[in-house]
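These values consider heavy atoms only, across backbone and side chains, with no hydrogens, waters or symmetry-generated copies. Just so we're on the same page: letters track the sequence lines, and every chain starts at 1. Computed from a prediction, not measured in an experiment: that's the story for all the values here.
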2 protein chains.
Amino acid sequence: MSADEVLTVRGDAELVARAGHLFAGAQHEFVCVARDLDTWSQPAARQAIANRMPPAGETGFTVSKLLSPAALAGEAARLRLREVMAKGARVRISSTRLPHETIIIDRRVMILAGRDTPGLREYTVTTSPALVGGVYALFRAVWETGTDLAAYFSGEMPHLDADSLAVLRALGAGHTDETASRQLGLSLRTYRRRVAELMAKLEADSRFQAGLRAGELGLTG
Amino acid sequence: MSADEVLTVRGDAELVARAGHLFAGAQHEFVCVARDLDTWSQPAARQAIANRMPPAGETGFTVSKLLSPAALAGEAARLRLREVMAKGARVRISSTRLPHETIIIDRRVMILAGRDTPGLREYTVTTSPALVGGVYALFRAVWETGTDLAAYFSGEMPHLDADSLAVLRALGAGHTDETASRQLGLSLRTYRRRVAELMAKLEADSRFQAGLRAGELGLTG
DNA sequence: CGGACGATGGCAGCTTGCTGCCACCACGTT
DNA sequence: AACGTGGTGGCAGCAAGCTGCCATCGTCCG
């Protein structure tokens, strides 16, 4: 038995000082799980670390970022996302909350941040293969189910107003057009117009396909 | 900074000896992530631990098991699953592989097993809040996306023959009934019969809803 | 004021989807 | 051979969905 390979530090400064070299040593993969691009550390610390990292997109070096939908809120956040993606990082969104920031480097080192608390934040640096491997497997599982952000932007995830969403819900409830239109206070004609628009946005040729797509894109609630 | 709260043990016997009390002390929640119900430890060790645990389903005590699809292979495995569920455990299936077994107790203690290797298996016992919290958040994310096994069994996940699956694919491709029926070498009438049967199985009132359900149940491929 | 514009809704006609009815065929049983 | 059973397919009729056309209404300019 042994008790080692785990290190707890407080505050960004100490993290950079003690674990900065681990970032610089990244060879193959940099994984980051977080709520959004901002919370995991102070801008200064993040910058100091980013400077030490090899550039993403280099041969065999991948950067993966798994974020909560919160990362899509606000225009500034979206811009940041685009920048990160332009640098070669793969970004995915998980529909569940990810309160604890996690970083895994080369599948060998893992850094977990404690909850965002007042005062100095606590970070846990681990190199235990079992721990890192286990967390990495879980990360993979979440990653697989997340929606790819590249597809989100380029494939133009339909931006739905509350209106279209209501139509979607009516469709999902299985009502006939007549029932649904009355329920929404629309004429049959307009309701169908809305459905047609929705299907166009989803690039669906049939209502079945539209349902499928809607599910894929996580518009079911 | 500190380096503690992590313990690595080798072999089931040592795990039971050193961490058995942690199982007995479980108060609220017992989480288990594994490939199936068999691999995480030797039967003897599992039994020894199970005996020390409070019974599932007791007031405020929940048992959650997140497994790979491999856990559904074979009649024996299914029987075991039913037994576990009968005892009150919630079971979900994640479509991704979960090579590293993980146990989280009361959101305070975490046990990670190394890969299944010859010789004594290595277990890592952790109580660091940051580590446990981080892993727990990831677990939740995977759990949310998994399909509930209770629904799978009782709610009778539709058992589809290859035939119905072909219909499903045709529908998903967005073809009209006429095109699809010709493609499958069926008459229009029969094709539509198949679609109707499919919708009955999915308990869908409209094709849109059927598409939604099909997506939910992961029948998209 | 007048006109352009966009959203709506009625109408009509068409396509597609849905299903009851019956006939047919293949197969196994009595 | 006669029979029942289950899967298939044609037909017909209805229900539902789709869309072009036009009239209407409110709003926003010039």
Once each nucleotide of nucleotides 17-23 of chain C is scored for protein heavy atoms under 4.0 Å, what B/S/- sequence comes out, 5' to 3'? BBBBB--

What is the separation between atom CZ on R182(A) and atom P on dA16(D), rounded to the nearest whole Å? 11 Å

Output yes when D205(A) and R213(A) qualify as a salt bridge under the 4.0 Å nitrogen-oxygen rule, no when they do not. no

State plainly whether the residues D177(A) and R182(A) are in salt-bridge range, i.e. N to O under 4.0 Å. no

Pairwise 5' ranking along DNA chain D for D205(A) and L186(B), keeping only the more 5' one: L186(B)

Side chains of R92(A) and L67(A): does their closest heavy-atom pair fall under 4.5 Å? no

Nearest to the side chain of R194(B) - dG9(D), dG7(D), dG9(C)? dG7(D)

Basic-acidic side-chain contact under 4.0 Å: E197(A), R193(A): no

Does S187(A) place a side-chain N or O at less than 4.0 Å from the phosphate oxygens OP1/OP2 of dT8(C)? no

Length of the line joining E197(A):CD and dT19(D):C1', which is rounded to integer Å: 13 Å

Whole Å only: how far is the OH atom of Y191(B) from the C1' atom of dC11(D)? 21 Å

If I take atom CZ in residue F208(B) and atom P in nucleotide dC18(D), what distance separates them, rounded to the nearest angstrom? 11 Å

Return the CG to CZ distance between L168(A) and F208(B), rounded to the nearest 0.5 Å. 4.5 Å

Any salt bridge linking E83(A) with K87(A)? Criterion: basic side-chain nitrogen under 4.0 Å from a carboxylate oxygen. no

